[in-house]
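In this text the structure is predicted, and so the values were computed from the model without any measurement.
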Amino acid sequence: MTYTILGRCARTGRLGIGIATFSITVGRYCYGVKAMTGVTVSQAFAHERNNQLALRLLAQGFSAGAVLQRLMGNDRHASYRQIGVIDRDGTAVAYSGPGTRGWSGHVVGENHVAFGNGLVGPEVAEAIAAGFLAEPAADLEHRLLCAIEAGRDAGGQGTRDRHKPERSAALRVYSHHPYADIDLRVDLHATAVEELRRVWTEYKKYETYYRDRERNPKGAIGQEAFMATLRAAEA
Amino acid sequence: MTYSIIGRCARTGRLGLGITTFSLAVGGRCEGVAANVGICKTQAFPNRTNDPLAIGLLAQGHLPVRVMAMLAANDSEHDYRQIAIMDREGRIAAHTGSGTRGWSGHRIDGDCVAFGNGLVGPQVLAGLIAGFSARPDEALEHRLMRALEGGRDAGGQGDATGHRPERSAAIKVVDRVDYPEIDVRVDVHATAVEELRRVLEEFKAYEEFYRQRGRDPARAIPQDLFAKQLEARRAGRPS
Amino acid sequence: MTFSIIARCPDTGRLGLGIATFSIGVGGRCEGVLAGVGICKTQAFTNRGNDPLAIELLRQGFGPAEVLRQLATNDPDHAYRQIGILDRDGNGVAHTGSGTRPWSGHKVGEGYVAFGNVLAGPQVIEAIARGFMADQQAPLELRLLAALEGGRDAGGQVGAHGRLPERSAAIRVVADPDYPEADVRVDLHDEAVAELRRVLEEFKRYETFYRERGLDPSTAITQDEFVARLEGRT
Amino acid sequence: MTFTLLARCPKSGQIGIGIATYSICVGLYCNGLRGNVGATMSQAFVNQGNNALALRLLEQGLAPARVLDELIANDPDSAYRQIAVIDRRGEAVAVSGAKTRGWSGHRIGAGYVAMGNVLAGPKVVEAMAEAYEAAADLAFERRLLAAIEAGRDAGGQAGNEGPLAERSAAVVVCGHHDHAELDLRVDLHDKAVDALRSAFEEYEPYRDYYRERGRNPRQAIPQYQFAENLRRRRREAAQ
């Protein structure tokens with residue numbers, strides 16, 4: 001019972017994940033994204049070694065399709081996994097094993113994979129893909145968050161008569177560095193997607209300030225002083 | 001204004017980082033934690049290239065003190081950074097730059113190093129170390145949690161104008177496999193340390209269920225059923 | 001006797017190098033360009049070990065200034081080198097050694113470094129920078145070409161007996177670490193920069209066809225057919 | 001529509017490629033050579049990721065035949081590719097995909113592969129192989145050039161409406177350095193192979209001058225002076 005969007009920005013080559021689920025602390029599964037390499041998630045019955053293996057294969061230059069075959073060939077319980085992979089050329093593939101539960105499936109297109117399991121129906125995956133494609137020129141992180149919110153609004157997880165809440169969510173985007181540009185998480189919350197939006201909205205106000213104070217500590221004002229400027233601007 | 005602890009479990013060899021701060025989403029800036037290699041965390045005015053660079057240099061076999069010298073040579077603003085490095089043998093190097101703000105400092109104590117800036121005073125480091133050392137038999141993640149609570153209870157962050165709340169926090173523990181065993185975070189919250197305790201306890205209740213589910217999915221019960229059973233067990237036991 | 005520009009496209013994050021010189025075959029000596037990592041070009045009296053070493057140091061996360069310091073301590077003849085380094089964020093540094101032949105100098109700008117030696121004067125470097133900044137919406141390879149043309153038209157290289165022609169030139173733009181987006185060269189020509197424009201413009205007409213037929217060969221028309229269409233023969 | 005000689009020099013251990021084609025700017029595809037690792041080229045319908053992947057697999061010690069299997073398994077359109085792989089011991093393999101355009105084929109010799117597609121006929125590949133073997137006493141780069149000239153002279157490429165000119169060509173040789181020993185190209189020319197030969201003959205005497213100038217800048221004479229001396233020596237030799 002998870003729904004996920006993997007995405008790549010064709011213009012900048014940035015790679016990212018948006019994810020929300022009934023499980024808690026799902027952000028810890030999202031280490032399968034690496035600058036100039038690719039992005040992948042193994043969910044449903046998560047196989048924790050898959051992400052790093054996929055990234056190593058992608059880093060050597062294997063295509064997304066070949067990597068997916070290699071992951072499945074390397075796993076006795078492949079039929080219980082749900083895996084998405086995008087390589088750095090933007091080729092996207094996905095697999096939803098028969099052993100996954102509830103409605104489980106994926107929508108795959110150039111530079112994106114929208115997929116989930118334990119969902120109310122295929123309309124959730126379609127809504128996620130549509131959410132990602134709605135604003136092609138926007139920043140990747142914005143598109144990924146909108147995709148997850150679209151999945152929630154289309155019914156999200158559970159069955160038609162018994163909805164299951166998202167209890168954790170995460171948003172990660174990499175560009176060229178060995179560290180993330182955006183790395184936000186909600187590990188335990190009754191309405192995790194709404195909380196992720198709140199965290200995102202708050203964090204975006206600080207993003208430039210945090211980057212500038214790293215580059216130019218001498219000239220950096222204190223964080224409280226910065227927040228005072230925020231309050232002044234919002235007043 | 002951040003206070004952190006890097007610690008090593010002598011029994012298992014696991015390494016971990018506990019961190020909390022007035023800034024937001026600090027957990028998203030802790031990539032310098034690598035299994036079988038070590039941990040490097042740069043804070044105060046962080047230089048984001050420091051931690052991956054340090055991990056790369058540790059992996060090549062440089063000692064923490066040598067890595068610290070190379071980070072200094074590579075950074076014209078080294079005086080504004082506060083950095084702690086621990087390798088997989090538990091060797092430690094720490095640096096508190098003259099440009100860091102408020103009361104700032106670090107203390108190395110056996111298998112851990114406590115370090116912080118913008119603090120109410122050295123007692124916060126003492127609180128971190130006391131928390132970490134209180135129950136040496138406990139799992140590393142619990143020792144790191146106690147350390148953060150120790151730092152908080154010793155006054156945490158603040159200056160003459162008053163106390164600063166912890167608004168984000170995180171704990172990361174690595175063992176032998178190349179992904180974190182424990183990776184819990186609070187990104188935006190008014191009392192981040194208390195919230196992190198709640199998230200950690202909940203995760204520990206699910207940890208084994210999640211591990212089994214990945215290893216042997218055929219026999220895994222649905223998670224909502226597991227959640228109900230967990231609530232029932234908790235309800236049965238007076239908290 | 002070379003003038004060069006290394007730069008980053010702020011829009012796409014791509015990295016690129018443009019170079020022109022009296023020497024021949026210069027394009028074959030530009031291995032210091034790696035997507036997602038950075039660029040290093042050593043010229044004047046070049047040290048071929050410099051560029052690959054600099055790329056490795058950038059890959060590990062050292063900054064351009066520290067990389068330049070390590071190149072200096074690694075090279076007894078550092079004073080004879082002219083070096084431009086750019087990291088993946090477009091932060092640049094440059095070194096013009098005292099042993100390089102005049103006029104030699106550099107300009108570190110926002111997301112680029114322009115540098116050259118045995119030039120007519122500093123105006124050549126200014127013209128390279130102006131050429132690069134003239135049309136900031138153009139694709140990086142065309143901005144690099146405009147920069148080289150600016151340098152040539154501002155007087156280019158001058159030796160003891162007057163003007164020296166550019167006899168080889170090259171442009172290299174990377175987005176993926178495994179292969180270049182644009183990589184055009186003129187290894188031997190009397191007017192290498194003008195020839196480079198001809199080659200690059202022709203390449204731009206083929207660029208999409210070449211990429212598509214690699215990605216989806218089953219739908220690709222033959223190249224002779226494509227050329228016929230280009231020349232309006234069908 | 002390309003004809004290529006990929007080889008490892010048994011004397012020096014250097015690896016190299018000679019290539020000519022109707023396409024333009026073919027040099028940009030010759031990134032499949034690395035000293036102490038091996039040589040590879042994917043042509044016909046180019047899969048630009050192949051060269052880097054093949055070199056990494058050779059570096060890990062896979063045999064050329066295994067590397068070729070991986071390139072095919074990794075590519076749904078492998079039938080459209082023509083690929084050669086040679087390792088650092090000189091073991092060579094090649095494949096001409098079923099869907100490459102005729103005439104298409106290859107010949108594997110001791111430490112080399114002659115291959116091409118959209119050729120006038122098999123005699124073009126034979127001519128390249130024989131010319132390369134006949135020139136065994138020449139410098140390695142001259143053997144590669146001789147092979148490409150033989151391919152041109154044996155009919156080169158032929159499209160639907162008759163012969164196709166070589167519009168770009170390149171010769172690249174790698175030894176034990178991080179950089180190529182020789183990397184010379186013609187990106188756009190009506191007679192690219194002839195232009196490559198004249199560029200090579202002009203460039204050849206400069207190679208030592210450039211190497212010395214870098215190694216020993218103090219004694220280096222200015223290049224225009226070197227060029228002047230060269231012209232004078234050639235005029236005297238011509239009389």
Enquirer: Given heavy-atom pairs under 4.5 angstrom as the criterion, report whether the side chain, backbone, both or neither of B:R213 touches chain A.
Expert: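 Both backbone and side chain of B:R213 come within 4.5 Å of chain A.
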Enquirer: What residues form a side-chain hydrogen bond (donor to acceptor under 3.5 Å, both in side chains) with B:K204, not counting sequence neighbours?
Expert: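 Partners of B:K204 by the side-chain hydrogen bond (donor to acceptor under 3.5 Å, both in side chains) criterion, ordered by chain and then number, come out as B:E141, B:E207.
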Enquirer: Main chain of A:I24, side chain of B:Y210: is a donor-acceptor contact present, judged purely on distance under 3.5 Å?
Expert: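 Looks like yes, one N/O pair under 3.5 Å.
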Enquirer: Using non-hydrogen atoms and a 4.5 Å limit, figure out which bit of B:F203 sits close to chain A: side chain, backbone, both or neither.
Expert: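 B:F203 touches chain A through backbone and side-chain heavy atoms alike.
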Enquirer: For the residue pair A:E195 and B:V188, what are the closest heavy atoms and their distance?
Expert: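 That closest heavy-atom pairing would be OE2-O, 4.0 Å.
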Enquirer: Given that the side chain runs from C-beta out, which part of A:R211 has a heavy atom under 4.5 Å from chain B: side chain, backbone, both or neither?
Expert: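 No part of it gets close to chain B.
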Enquirer: Give the interface residues of residues 161-177 of chain B toward chain A, defined by a heavy-atom separation under 4.5 Å.
Expert: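 Those residues of residues 161-177 of chain B which have a heavy atom under 4.5 Å from chain A are B:R164, B:R167, B:V177.
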Enquirer: Which residues satisfy the salt bridge (charged side-chain N to carboxylate O under 4.0 Å, His left out) test with A:D87, sequence neighbours excluded?
Expert: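 Partners of A:D87 by the salt bridge (charged side-chain N to carboxylate O under 4.0 Å, His left out) criterion come out as none, since no residue qualifies.
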Enquirer: Sort A:R81 into side chain, backbone, both or neither according to what part of it lies under 4.5 angstrom from a heavy atom of chain B.
Expert: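 The answer is the side chain of A:R81.
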Enquirer: Counting only non-hydrogen atoms closer than 4.5 Å, does A:Y29 touch chain B with its backbone (N, CA, C, O), its side chain (CB onward), both, or neither?
Expert: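 It is the side chain, since no backbone atom gets that close.
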Enquirer: With a 4.5 angstrom heavy-atom cut-off, could you sort out which part of B:R198 is near chain A: side chain, backbone, both or neither?
Expert: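 For B:R198, the contact with chain A is made by backbone and side chain together.
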Enquirer: Which bit of B:P46 comes within less than 4.5 Å of chain A, counting heavy atoms only: side chain, backbone, both or neither?
Expert: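 Both parts, backbone and side chain.
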Enquirer: Please list, chain by chain and in numerical order, all residues satisfying side-chain hydrogen bond (donor to acceptor under 3.5 Å, both in side chains) with A:Y210, sequence neighbours excluded.
Expert: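 Once residues adjacent in sequence are excluded, the partners of A:Y210 under the side-chain hydrogen bond (donor to acceptor under 3.5 Å, both in side chains) criterion are A:Q223.
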Enquirer: With A:D183, which of B:R29, B:R185, B:R48 fulfils salt bridge (Lys or Arg N to Asp or Glu O under 4.0 Å)?
Expert: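 The residue from B:R29, B:R185, B:R48 that satisfies salt bridge (Lys or Arg N to Asp or Glu O under 4.0 Å) with A:D183 turns out to be B:R185.
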